[in-house]
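Residue numbers count from 1 along this sequence. Each ligand, and each atom within it, is numbered from 1 in the order the structure gives. In what follows, every heavy atom counts, from backbone to side chain, and hydrogens, waters and symmetry copies are set aside.
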Amino acid sequence: MKVLVINAGSSSLKYQVIDMDGEKIIAKGLCERIGVAGSIGHIEHKPQNGKPVYDNEVEFPTHSEAIKAVLDVLVSPAHGVVDSLSEISAVGHRVLHGGMKFTQSVLVNNEVKDTIRSYIPLGPLHNPANLKGIESCEAVMPGVPQVAVFDTAFHQTMPEEAYIYPIPYEYFEKHGIRRYGFHGTSHRYVSAEAVRLLGGKAGSRVVTCHLGNGSSLAAVLDGKCVDTSMGLTPLEGVPMGTRSGNLDPAIIEFLANNEGLTAQQSVNVLNKESGVLGISGVSSDFRDLEEAAGQGNHRAQLALDIFHRSVSKTVASYFAVLGGADAIVFTAGVGENAPGTRAEIVAPLACFGITIDPEKNAVRGTVDITGADSKTKVFVIPTNEELVIARDTKEIAEKIL
Ligand code: ADP
């Protein structure tokens, strides 16, 4: 069975075609600048069957044109990977916000689309794009099962004390204001892999650190999420590339009074101009920060120090939530590729008897970097959200095909 995985962002669309016999990626690509007025869109398609990469400028007024361009290139003689679209058995869509309704992946029908639409206030940038991705596929691939896989679903097992905010309870009842958490597909995948590496230990306690452009951590007990660092939106938690993470909410009023910013403008600053970019003034990219810090740039070093400290503190807090931990997992762009960052984050955790092996930590792709005397395993596990989406899609689609 071949599954198309779609990750539709507000102005971009990433895709993969995965042959589920052997779980091999047979094509992947990206459409950029969708619906961005005055700009020329772009598609890059990488077939994995030896055919040349297709890299072209294409107008994408809406997501429909992008989906159409993807499907065209998938069957094109020069760059295609299937003879006809009928070879694509199902489509899996990453959907950002599944609110409280979706605790797992679901087959898309009208009711599911209405519910995703009802959560647009919770995911104003992503849910409309995700819906457009679904509707565009339905239009050009009628009858092909579409499956929605939610970023929030894995975190729906959190207990009330993890997800209720200490604000008047009626805001939760009236508006659904609570912690939802994001990156759920990634936390689910890497925590399951960690349990596998722990030999399938029952009652396993795993802390997952998804550290990328956006970063979040999760506390996972016996395969179920019991706490996570992102909240109502992906703005909460540790500092990120451009997002502030946790801070005193009174800062928003202070910015209103002293900088004349509206609440919306302030939140925009906290989402797009803060985090390690805001602190350093250098970049949101951790590679640039490491380079600048290496050249003696104090604010770049400060940004890294603040990031490390915040992640260490969050890991430590999950020791209290889980009653200790059997494994800590690092994943995503920074977690997988930055050994120095991993070392800095783990160093203060020596108080819990946790160490990493500096040699193993330096080797790219090594999974187990646990120090010889460490009481807790430390793993580097590359995340694979697309594979999880494809697996869920296959499982759900097979029931109706
Ligand atoms: P996203 O949250 O957009 O999915 P990724 O998980 O792909 O992001 O992470 C991207 C980030 O990973 C980049 O912004 C960069 O800071 C970081 N990164 C990638 N490679 C390295 C590296 N070798 N060293 C340090 N940071 C890295």
*In the protein, which heavy atom is nearest to atom 6 (O) of ligand 1, and how far is it?*
Gly333 N, 2.9 Å

*Considering only heavy atoms of Phe286, which atoms of ligand 1 have at least one such atom less than 4.0 Å away?*
15 (C), 16 (O), 26 (N)

*Output the list of atoms in ligand 1 that are nearer than 4.0 Å to some heavy atom of Ala332, sorted by atom number.*
6 (O)

_In the complex you have, is atom 20 (N) of ligand 1 within reach of the protein, judged by whether a heavy-atom distance drops under 4.0 Å?_
yes

*State which residues pass side chain to side chain donor-acceptor pair (under 3.5 Å) with Thr370; sequence neighbours excluded, sorted by chain then number.*
Asp368

*Any nitrogen or oxygen of Gly212, main chain or side chain, under 3.5 Å from a nitrogen or oxygen of ligand 1?*
no

_Near-ring test Phe286/Phe307, centroid separation under 6.0 angstrom_ = yes

*Taking the non-hydrogen atoms of Gly241, is any one of them nearer than 4.0 angstrom to ligand 1?*
no

*About how many Å separate CG of Leu13 and CD1 of Ile67, when rounded to the nearest 0.5 Å?*
5.0 Å

_Heavy atoms only: which of Val334, Leu211, Thr341, Asp288 lies closest to atom 17 (C) of ligand 1?_
Val334

_With a 3.5 Å distance limit and no angle check, can you tell me whether Ser312 reaches the backbone of Ile345 through a side-chain donor-acceptor pair?_
yes

*Which residue from Asn337, Thr242, Asn213, Leu289 reaches closest to atom 10 (C) of ligand 1 through any of its heavy atoms?*
Asn213

*asked:* Run the ring-ring contact (aromatic ring centres under 6.0 Å, His included) test against Phe60 and tell me which residues pass, sequence neighbours left out.
replied: none

*Do Thr355 and Asp373 get their side chains close enough for a donor-acceptor pair, meaning under 3.5 Å?*
yes

_When you compare ligand 1 with Ala338, is there at least one nitrogen or oxygen pair between them that comes in under 3.5 angstrom?_
no

*Distance-only, no hydrogens or angles: does the Asp227 side chain make a donor-acceptor pair with backbone N or O of Tyr318 under 3.5 Å?*
no

*Out of Asp285, Val276, Thr331, whose heavy atom is nearest to atom 13 (C) of ligand 1?*
Asp285

